[in-house]
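Data first, discussion second: the structure below is written as C-alpha cells.
Lettering follows sequence order; numbering is per chain, from 1.
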Amino acid sequence: MDNISIARLLDETASLLEIDSADPFRIRSYRRAAEAVEQQTTQLSTIADDPKQLLAIAGIGKGMVANIQALLTTGTMPLREELLQKYKPTMLELLRLPGMGPKTVALVWSACQVCDIDGLEAAAKAGHLTKLPRMGEKFVTKLLKGIEDHRKNSSRFRIDKAQQHADTIINLIRAFPGIDEIIPAGSLRRGRETVGDLDLLATGPACEPDVVSAAVEHVAALPLIDKLIAKGQNKVSFTLRNNLQVDVRLLPRASYGAALQYFTGSKMHNVALRQRAIKRGLTLSEYALLRLEDNVIVAAASEAEIYNALDLDYIPPELRENGGELEAAATHTLPQLITLADIRGDLHMHTEATDGRDTIRQMAEAALARGLAYIAITDHSKNLAMTNGLDDTRALAHIKRIREIDAEFAEEFAAGNKSSATPYSLHPTPSPFRILPGIEVDILADGALDLDDSTLAQMDIVVASIHSHFNQPAEEMTARVLRAIENPHVRILGHPTGRKVLGREAYAINIDTILKSAAQKGVAVEHNASPARADLNDLHLRLAKKHNCKIVINTDAHATEELDQMRYGITQLRRAWLTPTDILNTQPTAQALLQQLRPKP
DNA sequence: GCCGTTTTCGGCCCGACTGTTTTCAGTCG
C-alpha cells in the first residue's frame with residue numbers, strides 16, 4: 001500500500017469519526033497524520049518495520065504507528081472496521097455536498113436511513129427532510145442545487161491533480177527502454193482547469209509497429225492500474241483507484257506529431273483545421289496530413305510541420321479552442337504568450353503569523369530559489385479570526401519584522417555570501433531580493449476595511465479581499481467592492497470573484513463594473529494562481545485586458561511549496577491570450593513594480 | 001490521538017454566518 005492510499009484511509013477514518021461525533025481533537029490527529037503521510041517522500045511501507053522512523057514524522061505517535069502498520073499488513077485497521085459496522089462508506093460522499101456536515105449526515109442516516117447521494121435526493125424531493133429538525137425549505141432547495149452541481153463536476157479532475165497523476169504514470173512508462181518521449185495530450189495539454197481523462201502519447205524505438213507489443217504489455221502491467229479497460233495493438237486504457245480514466249497510446253515516431261495534434265484537440269479546433277486542409281486539397285487525420293489526390297504524406301512527424309503545411313504558424317496548445325487562433329496564425333499575429341519565466345514576483349502569500357505554515361524567511365528563500373526577484377508578505381487581518389488574523393498592533397509589528405528580514409537579505413547580498421539554491425550571481429541583473437511589507441485586509445459587509453488607514457499607510461502592498469457575507473445580492477456585493485477600492489491605500493483587489501474550481505460558484509457580482517472601476521482607479525486585480533481557486537477565469541481575464549485593467553498573478557501561498565502553483569495560473573493567462581506586458585509582476589524589480597501600482601496617497 | 005513536559009495530563013486557532021429557532025446547532029473557512 002502506498003502513502004497516498006494510507007493517507008486516504010486515515011482521512012476517511014477522520015470523516016467517519018466526525019459522523020460518529022468523536023472527540024474533535026482526535027479527529028484532527030487523524031487528519032494531521034493523513035497530511036503528514038501524504039507529504040512523505042519515502043514510502044512508509046519501506047520503513048514500517050522501524051517504528052522509530054515513523055515516530056520521527058511530526059503528527060505520528062504511538063497510536064498512528066499501530067494504525068499504519070495495520071493498514072500495511074491487513075489493508076485496514078480496527079477503528080475503521082468498527083466504524084464501518086455503524087456507517088456506510090458512501091456517506092463520505094455526502095460530506096462533499098454544501099451544507100452537509102457530519103452532524104447532518106448522521107441525522108439523515110438515523111432518521112431516514114439515507115446513506116448516499118441518490119437516496120438523499122429522493123428523500124429531499126419526497127419532502128422527508130423538512131420533517132427533521134433544522135431543515136426547512138431553503139435548506140432543501142440549496143441541497144438539491146448542490147447535488148446537481150456535484151454531479152456535474154465530480155466526473156472531472158482539477159488540473160493539478162490530473163498533472164500529478166500524469167507525472168507519476170509518465171515516469172513509470174518512461175522506465176521502459178526505448179520510450180524516449182511521452183506527453184499528456186487532451187485538455188491537460190491545453191491547460192483546461194479541469195480534465196475528464198488523461199491521454200498520454202508515447203513514442204520511441206519501442207513504439208515502432210513490429211516491437212510495440214512488449215511496451216503495450218509493460219503499460220498494461222503498471223502497478224497503479226485499478227481496472228484494465230482495454231488493451232489493443234498500440235493502446236492501453238485503464239482507470240486509477242480514484243476513477244480517473246487513462247488512455248496510453250504508443251505511436252511510431254513518423255506519425256507522432258499528427259497524433260499529438262489530433263489528441264490534443266480541441267474538437268472544434270480540429271474540425272476547423274481539417275476544413276482548412278480540405279480547402280487546400282489535403283486531408284488531416286491522427287496519422288498524417290495527406291495530399292488527397294495521391295495519398296502522399298505532406299507532414300506527420302511534428303505538429304509544427306503540420307501547421308506550417310497548412311500555411312499557419314505553430315499554435316500553442318492553450319489557444320486551440322477555435323477562438324480566432326487559426327485566423328491569427330494565418331496572418332502571423334499570434335500573441336507572444338506569457339511564460340512562467342516572465343514572472344518576477346509574487347505579491348500575495350501568508351506566513352505562520354496567521355494561517356500560513358512557514359516563516360517570512362522561509363517563504364523568501366523559497367521564492368528566491370524559484371528565481372523570483374521580489375515578494376510581498378500579505379498575512380490576514382483581524383476579521384479572519386480563525387486564521388489568527390493581525391490587528392493593527394500585530395500588523396505593524398509584523399511588517400517591522402518583514403523589513404528587518406528584507407534588510408538582512410540586502411546585507412547578505414552586499415556581502416556576497418548569500419547561500420541559497422539560486423545564487424544571486426546567476427541572475428542577469430544581480431540585485432538584492434526584496435521582501436515587501438503587506439497585508440491582505442478584509443473587506444467588511446459594508447465595504448469598509450477592518451484595519452486603520454494609518455496601518456495600511458505603512459504597507460507597500462495592500463491586497464483587499466472578501467472573506468464573508470458571500471450571500472449578499474449582486475448589487476450590494478458590487479457596491480461593497482467599489483467602496484473598498486475607493487480607499488486609496490488599496491493597491492490590489494484580491495481574488496475578486498471568490499470563484500473556486502469544482503467548489504463554489506463565483507460571488508454574485510458585477511465583474512464588468514468592478515474591472516472598469518479598478519482600471520480607472522489604478523487598482524490591480526489579482527488572478528489567483530492556485531488551481532483550486534483560479535479566481536479570474538479566461539473570460540474575466542480577457543475582460544480585464546479589454547478594460548485596460550492592471551492584472552497581477554499571485555499564488556496566495558500558505559507554504560513554500562505552494563509557490564509552485566504559479567505554473568497553473570500561467571496556463572490560465574495563456575488561455576486568455578495574455579502577454580508579459582499584460583501582467584504587472586513581470587516587472588524586473590520590486591521598485592519597477594511599485595511604480596506600476598496605484599500611487600500611495 | 002499527538003505533543004511537551006513542572007514525566008502524567010492538559011491543551012490542542014475559533015469567530016461569523018445560516019437557517020432554523022425563540023436561544024442556537026451546525027457549517028464554513
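Residue pairs meeting the salt bridge (Lys or Arg N to Asp or Glu O under 4.0 Å) criterion with at least one member in residues 437-465 of chain A, sequence neighbours excluded: A:Asp446-A:Arg483. Among pairs with a residue in residues 43-54 of chain A, none fulfils salt bridge (Lys or Arg N to Asp or Glu O under 4.0 Å), at least two apart in sequence or across chains. Among pairs with a residue in residues 63-85 of chain A, those fulfilling salt bridge (Lys or Arg N to Asp or Glu O under 4.0 Å) read A:Glu12-A:Arg80, at least two apart in sequence or across chains.
The A:Leu79 side chain lies nearest to B:dG1 when the options are B:dG1, B:dG29, B:dG19. Closest to the side chain of A:Asn471, from the set B:dT27, B:dT18, B:dC12, is B:dT18. Among the nucleotides B:dG19, B:dG15, B:dG26, the one closest to any side-chain atom of A:Lys142 is B:dG19.
Within 4.0 Å of A:Thr354, counting heavy atoms only, lies no atom of the nucleic acid at all. Backbone-only contact: A:Pro98 has heavy atoms under 4.0 Å from sugar-phosphate atoms and none from a base. At the heavy-atom level, A:Phe25 lies under 4.0 Å from base atoms of the strands shown.
Only the C1' atoms considered, B:dT8 is 28 Å distant from B:dC14, to the nearest whole Å. Taking the C1' atoms as reference points, B:dT22 lies 23 Å from B:dG15, given to the whole Å. Comparing the P positions of B:dT20 and B:dG26 gives a spacing of 14 Å, expressed to the nearest Å. Here, B:dC9 and B:dC13 have their P atoms 22 Å apart, quoted to the whole Å.
Residues of residues 120-137 of chain A that place a heavy atom closer than 4.0 Å to DNA chain B, in numerical order, are A:Arg134, A:Met135, A:Gly136, A:Glu137. Scanning residues 108-118 of chain A for heavy-atom distances under 4.0 Å to DNA chain B yields an empty list.
If you take NZ of A:Lys138 and P of B:dT18, they are 9 Å apart, rounded to a whole angstrom. In this structure, the CG atom of A:Asp450 is 11 Å from the P atom of B:dA16, given to the nearest Å. Rounded to an integer number of Å, the gap from A:Asn388 CG to B:dG29 P is 19 Å. Between the CG atom of A:Leu444 and the P atom of B:dA16 there is a distance of 11 Å, rounded to whole Å. The separation between A:Lys103 atom NZ and B:dC24 atom P is 17 Å, rounded to whole Å. As rounded to whole Å, 18 Å separates atom P of B:dG26 from atom CG of A:Leu97. Straight-line distance from the CG atom of A:Asp23 to the C1' atom of B:dG11: 11 Å, rounded to whole Å.
Nearest-nucleotide mapping onto DNA chain B: of A:Asp355 and A:Gly99, the residue sitting toward the 5' end is A:Asp355. Across the interface with DNA chain B, nearest-nucleotide mapping of A:Pro102 and A:Thr387 shows A:Thr387 to be the residue nearer the 5′ end.
Listed by chain and number, the residues in a salt bridge (charged side-chain N to carboxylate O under 4.0 Å, His left out) with A:Asp160 are A:Arg158 (sequence neighbours excluded). Scanning for side-chain contact (heavy atoms from CB on, under 4.5 Å) contacts around A:Arg32 gives A:Arg28, with sequence neighbours left out. Among residues two or more places apart in sequence or in another chain, the side chain to side chain donor-acceptor pair (under 3.5 Å) test is passed with A:Asn388 by A:Arg394. With sequence neighbours left out, the side-chain contact (heavy atoms from CB on, under 4.5 Å) criterion links A:Asp406 to A:Arg434, A:Ile435. Under the rule for a side-chain contact (heavy atoms from CB on, under 4.5 Å), A:Asn471 has no partner lying at least two apart in sequence or in another chain. Applying the side-chain contact (heavy atoms from CB on, under 4.5 Å) criterion to A:Ser21, with sequence neighbours excluded, gives A:Lys103.
At a threshold of 4.0 Å, the pair A:Glu408-A:Arg361 counts as salt-bridged, since one of the basic side-chain nitrogens sits closer than that to a carboxylate oxygen.
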Each nucleotide N or O in nucleotides 2-4 of chain B that has a protein N or O under 3.5 Å away: list the pair and distance.
{"from": "B:dC2", "atom 1": "OP1", "to": "A:Gly61", "atom 2": "N", "distance (Å)": "2.8"}
{"from": "B:dC2", "atom 1": "OP1", "to": "A:Gly61", "atom 2": "O", "distance (Å)": "3.2"}
{"from": "B:dC2", "atom 1": "OP1", "to": "A:Gly63", "atom 2": "N", "distance (Å)": "3.4"}
{"from": "B:dC2", "atom 1": "OP1", "to": "A:Met64", "atom 2": "N", "distance (Å)": "2.8"}
{"from": "B:dC2", "atom 1": "OP2", "to": "A:Gly63", "atom 2": "N", "distance (Å)": "3.2"}
{"from": "B:dC3", "atom 1": "OP1", "to": "A:Gly59", "atom 2": "N", "distance (Å)": "2.8"}

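Taking the six-membered ring for Trp, A:His348 and A:His527 have ring centres at least 6.0 Å apart.
Base pairing analysis places B:dT8 opposite nothing; no Watson-Crick or G-U wobble pair with both distances below 3.5 Å involves it.
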